[in-house]
J.: 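There's a structure below that I have some questions on.
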Amino acid sequence: MDVHVTFGNKRVLRGASLAVVRGSLHVLLGPNGCGKSTLLRVLGRQLAPAAGSARTDGPISFVFQNPDHQIVMPTVAADVAFGLGRYTLPATAVRAQVAAALATVGLAAVAQRPTHTLSGGQRQRCAIAGALAQAPKVLLLDELTTFLDGGDQRGVLEAVRACVGGPDQVTALWVTHRLEELAYADAASFMDGGRVQVTGSPAEVAEHMRRLGARW
Ligand SMILES: Nc1ncnc2c1ncn2[C@@H]1O[C@H](COP(=O)(O)OP(=O)(O)OP(=O)(O)O)[C@@H](O)[C@H]1O
């Protein structure tokens with residue numbers, strides 16, 4: 001709430017406030033440089049605001065634009081299991097969590113494939129499965145589809161949709177430039193100038209952006 005972040009003498013967040021409903025997929029739109037990623041870092045507890053406060057359910061998992069920064073193991077299943085090692089789970093529990101995460105993102109059939117043979121969209125879904133296997137309450141997803149074509153874009157969005165809600169009430173905050181992705185959202189916000197300008201239903205936010213001259 002009312003989050004302020006300054007880098008040097010540049011005020012990047014100027015009183016940004018965002019409330020996301022638990023168990024929902026919330027889409028955050030806004031022009032380049034308006035502060036979306038910075039707000040995500042504050043919500044993910046990677047960055048302390050100069051003023052204001054953020055409260056986010058935990059555990060929190062991040063997924064970024066370039067899956068190559070997150071995929072580190074030679075096969076899909078090994079990669080999804082990688083982050084689980086630190087919890088020292090028994091092998092059967094690791095296998096079960098990996099299988100469940102891969103099923104959720106639609107990659108069960110390629111569990112044993114080398115990660116370098118995956119398409120861009122499959123690589124993003126592999127990164128999402130890795131995040132999901134760690135049983136987060138909140139997924140913070142920063143421009144995952146920027147470099148994907150339509151088919152891969154839809155596959156990644158459907159994977160995120162499948163992660164959201166459920167018995168654990170997983171919440172996803174999805175940052176994007178692509179207005180058509182509002183179709184997958186439960187709710188949305190539009191950010192500009194370091195502040196969240198409007199929050200509402202996808203239709204309300206789309207209408208706000210149309211009034212601003214955004215093209216579909
Ligand atoms: N660590 C940093 N040091 C200095 N300036 C930064 C830092 N991180 C971000 N900025 C600046 O803060 C502003 C907001 O950046 P941010 O990445 O949050 O915007 P964004 O809305 O996510 O943009 P984009 O859509 O292009 O990813 C930009 O002008 C950026 O250059």
Side-chain angles (χ1 to χ4, degrees), residues 1-20 24-56 58 60-71 120-121 123-125 127-128 131 136 138-150 152-154 156-157 159-160 164 171-200 202 204-216:
M1 288 297 285
D2 200 20
V3 169
H4 292 256
V5 169
T6 302
F7 293 121
N9 57 8
K10 186 168 184 177
R11 292 177 64 207
V12 173
L13 295 184
R14 302 162 174 252
S17 294
L18 179 67
V20 174
S24 71
L25 171 51
H26 195 106
V27 166
L28 180 60
L29 288 150
N32 281 330
C34 71
K36 303 182 296 297
S37 298
T38 303
L39 182 57
L40 225 55
R41 288 173 61 203
V42 170
L43 293 169
R45 305 178 195 153
Q46 290 190 336
L47 183 67
S53 63
R55 208 178 63 227
T56 312
I60 300 165
S61 286
F62 270 94
V63 185
F64 300 103
Q65 190 174 74
N66 186 347
D68 294 345
H69 293 161
Q70 290 183 265
I71 292 177
R123 290 170 79 73
Q124 277 297 18
R125 285 190 277 147
I128 294 166
V138 174
L139 285 166
L140 299 176
L141 307 146
D142 200 357
E143 298 196 29
L144 269 57
T145 55
T146 304
F147 300 118
L148 299 182
D149 64 23
D152 272 344
Q153 177 194 21
R154 283 192 294 280
V156 170
L157 278 154
V160 171
V164 165
T171 305
L173 181 56
W174 172 271
V175 169
T176 185
H177 286 280
R178 299 175 79 165
L179 305 188
E180 72 274 16
E181 295 180 352
L182 281 173
Y184 292 82
D186 295 307
S189 297
F190 173 74
M191 210 174 156
D192 199 9
R195 297 174 66 102
V196 176
Q197 303 290 346
V198 61
T199 290
E204 286 163 348
V205 172
E207 178 55 28
H208 178 86
M209 293 182 69
R210 262 189 222 106
R211 281 201 299 272
L212 293 176
R215 288 177 198 283
W216 292 87

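Whatever order the structure lists ligands and atoms in, that order sets their numbers, starting from 1. No hydrogens, no waters, no symmetry mates; every other heavy atom, side chains included, goes into these values. Throughout, residue positions are numbered sequentially from 1 according to the sequence presented. Keep in mind that what you see is a predicted model, and the values were worked out from it rather than measured.
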J.: Judged by modelled atom types alone, do Thr176 and Glu143 share a side-chain donor-acceptor pair under 3.5 Å?
T.: no
J.: For ligand 1, which atoms sit closer than 4.0 Å to a heavy atom of Pro31?
T.: 21 (O)
J.: Among all protein non-hydrogen atoms, which one is nearest to atom 12 (O) of ligand 1, and what is the separation to 0.1 Å?
T.: Val12 CG2, 3.2 Å
J.: Give me the residue, atom name and distance of the protein heavy atom closest to atom 15 (O) of ligand 1.
T.: Thr38 OG1, 3.8 Å
J.: Has Glu143 got any heavy atom lying under 4.0 angstrom from an atom of ligand 1?
T.: yes
J.: Could you identify the single nearest non-hydrogen protein atom to atom 6 (C) of ligand 1 and state the distance to 0.1 Å?
T.: Phe7 CD1, 3.2 Å
J.: Any chance you could measure Asp2, atom CG, to Arg14, atom CZ, to the nearest 0.5 Å?
T.: 13.0 Å
J.: With rounding to the nearest 0.5 angstrom, report the CG to CH2 distance, Leu182 to Trp174.
T.: 12.0 Å
J.: Using the side-chain contact (heavy atoms from CB on, under 4.5 Å) rule, pick out the option among Leu40, Leu39, Thr38 that qualifies with Leu47.
T.: Thr38
J.: Can a non-hydrogen atom of Gly8 be found less than 4.0 Å from any atom of ligand 1?
T.: no
J.: Please state which option from His177, Lys36, Lys10 has its nearest heavy atom closest to atom 20 (P) of ligand 1.
T.: Lys36
J.: To check your reading of the model: name the closest protein heavy atom to atom 19 (O) of ligand 1, its residue, and the distance in Å.
T.: Gly35 N, 3.3 Å
J.: Does Phe64 offer a backbone N or O that forms a donor-acceptor pair with the side chain of Gln70 under 3.5 Å?
T.: yes
J.: CD1 of Ile128 to CZ of Arg123: how many Å apart, nearest 0.5 Å?
T.: 13.5 Å
J.: Out of curiosity, is Cys34 lining ligand 1, as in a heavy atom under 4.0 Å away?
T.: yes
J.: If we set the cut-off at 4.0 Å for heavy atoms, which region of Asn32 has an atom near ligand 1: side chain, backbone, both, or neither?
T.: both
J.: With rounding to the nearest 0.5 Å, note down the distance linking CG in Leu18 to CG in Leu43.
T.: 6.5 Å
J.: Starting from atom 17 (O) of ligand 1, which protein heavy atom do you reach first, and at what distance in Å?
T.: Ser37 CB, 3.5 Å
J.: Measure the spacing between CG of Leu148 and CZ of Arg154 and express it to the nearest 0.5 Å.
T.: 11.5 Å
J.: For atom 23 (O) of ligand 1, find the nearest protein heavy atom and state the residue, atom name and distance (0.1 Å precision).
T.: Gly33 N, 2.8 Å
